[in-house]
Asker: 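The structure that follows is given in the form of structure tokens.
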Amino acid sequence: MKKNKSNIILEKIKNGNSTPIYELYELYRDEFVTWSQSNYKSNKEQAQDCFQEAMIDFHQNVVSGKLTDLTSSLKTYIFQIGKFKMLNLLKKESRLTYQDNLQVIKGKEVEDFMNDDKVYSQEQISEAIAKLPTDCQKVLKLYYFNEFDMESIARELNYKNANTAKSKKSLCMKGLIKELTKLVKVLLVC
Amino acid sequence: MLREETNITLFEKYRNNELTETELNSFETRIASDNLFKEEFEVYKSIEEGIQNHFRVELKKELKNIDDRLDSKSNNNNPLSIKKIIIWTASAAAILIVSLLAIQNYSSINYQELASNSWEKEPGLPVKMSSKSDFDKPMNAYKLGDYLLAESLLKKFDSDTAAFYLANTQYELNKYSEALDNLSLIEEDSRYYQNAQYKKALILLRLDNTTGCREVLKEISEQSNHQYSQEALSLLNKM
């Protein structure tokens, strides 16, 4: 079957290529902002933020395999996510939650409510990732963000096989936990 | 905090569905009964979430960079004048393109007409009832206008006659480049050479290669004993 343009874009994203995300964002950002301003009276910053979140969720839906084929256009799909993001934002700002949409879209809203009692803060995790060797950062990104399986990671990073990739990922994860432990110790000493 | 490295390996195996049934039962029992173990597992999961989040934030930063770039572009320029410039440039470009296309189209139609009006269809070799020739079948097909059949049959031969009629057949099939290639195969000592040379010029004209066409026509017209010198001269004048 001949692939259409949207499916080619989805495939590229699925294969770890972020360029289509940047291109789509650049292509539709202004239109979304205008649409959002006229329909929801949002300001430019709010609209841009929602559109960024929509692009991230779109990316996540593709790499996780939730979105494999589109019945609508890419633009319609992304705008639909953006619309829910905007509704959530507006509801949140009026101290209400829009629970229904959280089931429709894989969003980050739930995490925001649950982020309080964690042992490691997001900043600490990001700091620890930044201290890891580049290859470890790549492995973790491919595994957790691009949701690659071990075989794909091995192929992408020229490892011998999936087992090598698995060992590497395990080693990197342990390295990350060590870094986190160090960071917390420093914090306790201070 | 995660203290035991063995637990990390265990958590990884659990998350990757790599535990055996016994190991899985043991794991779940431990989660239910060992608070410290359960706590460590929660921490492990929260680190995984944190990693995902980190890369989401990275992507968001990239998108914000695009915002900065796009916004700085529009801030550096007056949006109204940009709009005007875009409209003017687009209009000018459109007019230019349309004009060029019109000129090109007009001229190509003229050249094509000139070429096809000057082209004389070859009658084909005679097919005699009294004797049989290898060319009978392709020539019959050619004369009957079954050019596809004629082409496939002529391709089986390797001679100047075959190349000449193959080129003529391909011309009828609008396969101009292939026709040109076949005409180029005909050597100077062939009785078809002069005819092939003139036809080459016509095909070049048909393909809008006026420079190539002029060169060949000039060469023909400079040879007074060339069968097509007058035609070549006349065509050059028309061009």
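Letters A, B, ... mirror the listed sequences (proteins, then strands); counts begin at 1. Any value given below was found using the heavy atoms of this structure, including those in side chains, with hydrogens, waters and symmetry copies removed.
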Asker: Considering only NZ, NE, NH1 and NH2 on the basic side and carboxylate oxygens on the acidic side, decide whether A:Glu26 and B:Arg69 come within less than 4.0 Å.
Answerer: yes
Asker: Are B:Leu70 and A:Arg29 close enough that some pair of their side-chain heavy atoms sits under 4.5 Å apart?
Answerer: yes
Asker: Looking at every non-hydrogen atom in both residues, tell me the closest pair between A:Ser170 and B:Glu12 and how far apart they are.
Answerer: OG-OE1, 2.6 Å
Asker: Considering only heavy atoms from C-beta outward, does the side chain of B:Leu63 approach that of A:Gln48 to under 4.5 Å?
Answerer: no
Asker: Can you spot which of B:His54, B:Glu49, B:Gln52 makes a side-chain contact (heavy atoms from CB on, under 4.5 Å) with A:Tyr144?
Answerer: B:Gln52
Asker: Charged N to carboxylate O below 4.0 Å: is that the case for B:Asp67 and A:Lys44?
Answerer: no
Asker: Please tell me if the side chains of A:Met173 and B:Ile47 come closer than 4.5 Å, counting only heavy atoms from C-beta onward.
Answerer: yes
Asker: Using non-hydrogen atoms only, which part of B:Glu58 is less than 4.5 Å away from chain A: side chain, backbone, both, or neither?
Answerer: side chain
Asker: When heavy-atom pairs shorter than 4.5 Å are enumerated against chain B, which of A:Ile129, A:Leu180, A:Ile21, A:Leu140 gives the highest number?
Answerer: A:Ile129
Asker: Tell me, do B:Asn53 and A:Ile125 make a side-chain contact under 4.5 Å, heavy atoms counted?
Answerer: no
Asker: Measure distances from B:Asn16 to the heavy atoms of chain A and classify the residue's part below 4.5 Å as side chain, backbone, both or neither.
Answerer: side chain
Asker: Is there a side-chain contact between B:Leu59 and A:Gln52, using heavy atoms and a 4.5 Å cut-off?
Answerer: no
